[in-house]
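All remarks here apply to the structure that follows.
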Amino acid sequence: MTKIQELEEEISKLSPAEFAELRNWVLEKDWQEWDRQIERDSESGKLDRFFEEALEDHRVGKSTKF
């Protein structure tokens, strides 16, 4: 049995409240990793092209106010 299969088996035994707590923890952990990835990409310059495209679109009137 793989580690994932073991985890799935244990998760299936959780109460609804425990499952909700686990789900919230996993979602928060996922969002934190997403934030770190965006930060790394920003620092490395990977997002510069998108920033420049957005600025150019704004300059030529393709943006709107909310």
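Clustering ILVMFWY residues whenever any of their side-chain heavy atoms sit less than 4.5 angstrom apart, transitively, puts W25 in the very cluster that holds L14. Hydrophobic clustering of Ile, Leu, Val, Met, Phe, Trp and Tyr side chains at less than 4.5 Å, counting indirect connections, unites V26 with F19. M1 and I11 end up in different hydrophobic clusters when Ile, Leu, Val, Met, Phe, Trp and Tyr side chains are linked at under 4.5 Å.
Listed here is the closest heavy atom pair of R40 and Q37: NH2-OE1, 2.8 Å.
To the nearest 0.5 angstrom, I38 atom CD1 is 10.5 Å from E33 atom CD. One finds the CG atom of D41 at 9.5 Å from the CZ atom of F50 (value rounded to the nearest 0.5 Å). In this structure, NE2 on H58 lies 10.5 Å from OG1 on T64, to the nearest 0.5 angstrom.
Formation of a donor-acceptor pair under 3.5 Å by the E56 side chain with backbone atoms of E53 is not found in this model.
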- Query: Do D57 and S63 pass the side-chain contact (heavy atoms from CB on, under 4.5 Å) test, and can you show the C-alpha distance, the side-chain angles, and the key distance before you say yes or no?
  - Reply: CA-CA 6 Å; D57 285 348; S63 63; 5.8 Å; no
- Message: Under the criterion salt bridge (Lys or Arg N to Asp or Glu O under 4.0 Å), I'd like the reasoning laid out for K13 against E10: C-alpha separation, chi angles, the key distance, then a yes or no.
- Response: CA-CA 5 Å; K13 297 174 187 176; E10 289 302 313; 3.4 Å; yes
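Applying the salt bridge (charged side-chain N to carboxylate O under 4.0 Å, His left out) test to pairs two or more places apart or on separate chains, none has a residue in residues 14-32.
Look at E52 and R49 and you find no salt bridge, because none of the NZ, NE, NH1 or NH2 atoms lies under 4.0 Å from a carboxylate O.
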